[in-house]
Amino acid sequence: MNDLDINQVNYLIDPANCHNPIYIKGCDTNDLINYLKMMMMIRKVEQKLAIGRRDGFIGGPVHLGVGQEAIAVGVSGSLTCDDRIFGAHRSHSHLLALNPDPYRLFAEVLGKVTGFSRGMGGSMHLWDGPSGFYGSVPIVSGTVSLAVGAAMAARLQKTNHIAVAYFGDGAMEEGVVHESLNLARIQESPVLFVVENNLFASHMHISLRQPSDMQSRFAVANHIPYKLADGNDVVAVKNAASELITHSRNGQGPGFLELITYRWYGHVDWRDDIDVGVHRSLDDVDNWRMRDPVTRLSKAMIEQGIWSAEEEKKLISMLDNQISDAWEKAMNDSYPDESATLNCVYEI
Ligand SMILES: Cc1ncc(C[n+]2csc(CCOP(=O)(O)OP(=O)(O)O)c2C)c(N)n1
Ligand SMILES: [Mg+2]
């Protein structure tokens, strides 16, 4: 860890910075359009979930990652369905970036039998094996060691597949994450640790929990190559993830990606949490909204002449229709039969 890195963290955590359009020169236009569509779709799905929860249609809590969409979209740009991806309690985006199917996500969160986990899991127990999403759990840090195991398996099977563990700055404080980093390094496991450093664990700011805001210091301690990037810049995320993923696929062991970001909503459900948040002021939230990953990409594309306000309007209307149809369809689906209560306890 050197001074430059700490300066970079300090720069990125200051909500007054990085409001400008992102740098996209040299990027493939189709890729950019795809990133924009995916981020908008994920945002709209989560906003629909926020309303569904507020209006009493969703029985359990939903942890929304609105504002953090560039991370899942940027990382997934270098993944295949043979990779093994693990999430946590805030993982709608991680799954949707692999399998953009709002209907099955809505069905799951509504507890319907047609959902990703057959309605048995809800928002925090998502699973979609065919797309490589091996699961999310609400136990903070609970999947990090599983990702290391899946990576070890991929290596023993002599494939070039990798595992990914998405987790937060709060999870970083759990012992098992440190054991996982150590084991992954010593075993040369092809796993990418993705830390979404959104500066909060529930309602507590990182400055009250850790002596340094920089999570990459733990990668340095374990001799794991790391990258630190603006988590609200989808191109920066894609480039950093791609480099570390290539390194893992080439048999060079684990990588660690720290992405600085912020969630627009509070810890859980649709509220903004300014009443319970420590160091979370409305000013901060407003400033972070100016660092919107969607607007910063869209503006950059319009500036480059590869996107237009009309195209964006059409896209918004297409997504609104798709999401409202998916919600209606999921609402009309059945709940699992009562006899299923004891099924799927050990496997799905
Ligand atoms: C082992 C464990 N401890 C505590 C909790 C309660 N809890 C749920 S989410 C959370 C904060 C997690 O923060 P972070 O990892 O930074 O993820 P974020 O919510 O910011 O996405 C806590 C403490 C839990 N679910 N599991
Ligand atoms: Mg956090």
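Computation of the quantities below employed the complete heavy-atom set of this structure, encompassing side-chain atoms and omitting hydrogens, waters and symmetry-equivalent molecules.
Residues Y134 and I71 fall into different hydrophobic clusters, defined by Ile, Leu, Val, Met, Phe, Trp and Tyr side chains chained together at heavy-atom separations under 4.5 Å. Residues L181 and I186 are members of one and the same hydrophobic cluster, defined by side-chain heavy-atom contacts under 4.5 angstrom among Ile, Leu, Val, Met, Phe, Trp and Tyr. When the side chains of ILVMFWY residues are joined at heavy-atom separations under 4.5 Å, either directly or via intervening members, M318 and L297 end up in a single hydrophobic cluster. Residues V109 and I51 do not share a hydrophobic cluster, defined by chaining ILVMFWY side chains whose heavy atoms lie under 4.5 Å apart. Placement of L105 and F86 in two distinct hydrophobic clusters is found when ILVMFWY residues are connected by side-chain heavy-atom separations under 4.5 Å, directly or transitively.
Side-chain atoms of F133 and N99, non-hydrogen and from C-beta on, never get closer than 4.5 Å to each other. Between D333 and V113 there is no side-chain heavy-atom pair separated by less than 4.5 Å. Side-chain atoms of C18 and M290, non-hydrogen and from C-beta on, never get closer than 4.5 Å to each other. No side-chain heavy atom of L96 sits less than 4.5 Å from a side-chain heavy atom of M38. In this structure, the side chains of E46 and Y265 stay at 4.5 Å or more apart for every pair of heavy atoms. In this structure, the side chains of I306 and I24 come closer than 4.5 Å at one or more pairs of heavy atoms. Within the 4.5 Å cutoff, the side chain of E243 has heavy atoms near those of the K227 side chain. In this structure, the side chains of V62 and V268 stay at 4.5 Å or more apart for every pair of heavy atoms.
In this structure a side-chain-to-backbone donor-acceptor pair under 3.5 Å is present from N250 to T246. With hydrogens and angles ignored, the 3.5 Å screen pairs a side-chain donor or acceptor of H19 with a backbone N or O of P15. Looking only at distances, no side-chain donor or acceptor of H125 sits under 3.5 Å from a matching main-chain atom of G135. N332 places a side-chain N or O within 3.5 Å of a backbone atom of E328 that can act as its donor or acceptor partner. A donor-acceptor pair under 3.5 Å is absent between the side-chain atoms of Q322 and the main chain of S317, judged by distance alone. Within the 3.5 Å criterion, the main-chain N or O of Y103 finds a donor-acceptor partner in the side chain of D101. Formation of a donor-acceptor pair under 3.5 Å by the S298 side chain with backbone atoms of V294 is not found in this model. R185 contributes no side-chain N or O that, together with a main-chain N or O of A219, makes up a donor-acceptor pair within less than 3.5 Å. Judged purely by atom type and a 3.5 angstrom limit, T80 uses its side chain to pair as donor or acceptor with the backbone of D82. With S141 contributing its side chain and V177 its backbone, the two residues share no donor-acceptor pair below 3.5 Å.
The shortest non-hydrogen separation linking S248 to G253 is OG-O, 2.7 Å. Of all heavy-atom pairs spanning V235 and C27, the tightest one is CG1-SG, 3.7 Å. Here the closest heavy-atom approach between residue G132 and residue L98 is recorded as C-CD1, 4.5 Å. Closest non-hydrogen pair, G170 versus V140, comes out as C-CG1, 4.4 Å. The two residues H161 and A154 have their closest heavy-atom pair at O-CB, 3.5 Å. Minimum interatomic distance between G87 and S91 (heavy atoms only, all atoms of both residues): CA-OG, 3.2 Å.
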* Residues L183, S189; criterion side chain to side chain contact (heavy atoms under 4.5 Å, CB included); working and verdict -> CA-CA 8 Å; L183 187 65; S189 305; 5.9 Å; no

* In sequence, state the C-alpha distance, the side-chain angles, and the governing distance for K299 and D292, and then conclude on salt bridge (charged side-chain N to carboxylate O under 4.0 Å, His left out). => CA-CA 11 Å; K299 278 192 177 162; D292 179 0; over 6 Å; no

* Pair K25-Q304, side chain to side chain contact (heavy atoms under 4.5 Å, CB included): steps then yes or no -> CA-CA 8 Å; K25 282 206 182 110; Q304 291 286 305; 3.9 Å; yes

* Asked: Given L259 and Q68, is the side chain to side chain contact (heavy atoms under 4.5 Å, CB included) satisfied, shown in steps?
  -> CA-CA 10 Å; L259 301 162; Q68 303 187 185; over 6 Å; no

* Asked: Checking side chain to side chain contact (heavy atoms under 4.5 Å, CB included) for the pair V137/M124: CA distance, chi angles, key distance, verdict?
  -> CA-CA 5 Å; V137 299; M124 291 186 281; over 6 Å; no

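Within the model, atoms CD1 of I85 and OG of S76 stand 7.0 Å from one another, a figure rounded to the nearest 0.5 Å. Rounded to the nearest 0.5 angstrom, H63 NE2 and H92 NE2 are separated by 9.0 Å. A distance of 11.5 Å separates CG in L244 from CZ in F193, rounded to the nearest 0.5 Å. Of the inter-residue distances, the one linking K238 atom NZ with D233 atom CG reads 13.0 Å to the nearest 0.5 angstrom. In this structure, CZ on R291 lies 8.5 Å from CD1 on I260, to the nearest 0.5 angstrom. If you take CG on N20 and CZ on R296, they are separated by 7.5 Å, rounding to the nearest 0.5 Å.
Residues T261 and N198 bring no donor and acceptor atom of their side chains to less than 3.5 Å of each other. No donor-acceptor contact under 3.5 angstrom links the side chains of E188 and Q252, judged on distance only. Between the side chains of E258 and S216, a donor-acceptor pair is found at a separation under 3.5 Å. Side chains of S281 and D283: a donor-acceptor N/O pair is absent below 3.5 angstrom, by distance only. Under the 3.5 Å distance criterion, with hydrogens and angles disregarded, a donor-acceptor pair is assigned to the side chains of D128 and S131. A donor-acceptor pair shorter than 3.5 Å cannot be found between the side chains of S145 and E179. Counting only N and O atoms by type, the side chains of Y226 and D5 include a donor and acceptor under 3.5 Å apart. Checking H89 against S136 by side-chain atom types alone, no donor-acceptor pair falls below 3.5 Å.
The aromatic rings of Y262 and W288 lie parallel to each other, their planes meeting at an angle below 30°, with 60° marking the opposite boundary. Using cut-offs of 30° and 60° on the angle between ring planes, the pair H94 and Y166 is parallel.
With Y335 as the aromatic partner, K112 meets the cation-pi criteria of under 6.0 angstrom to the ring centre and within 45 degrees of the ring axis.
Taking the centre of each ring, H267 and F200 stay at or above the 6.0 Å mark. Between W327 and F106, a ring centre-to-centre spacing shorter than 6.0 Å is recorded.
No more than 12 heavy atoms of other residues, nucleotides or ligands shown are found within 6.0 angstrom of NZ on K37.
Each salt bridge (Lys or Arg N to Asp or Glu O under 4.0 Å) pair with one or both residues in residues 190-204, not counting sequence neighbours, would appear here, but there are none.
Using a cutoff of 4.0 Å between basic side-chain nitrogens and carboxylate oxygens, R249 and D83 are scored as salt-bridged. One finds no salt bridge joining D273 and R280 here, because no Lys/Arg side-chain nitrogen approaches an Asp/Glu carboxylate oxygen to under 4.0 Å.
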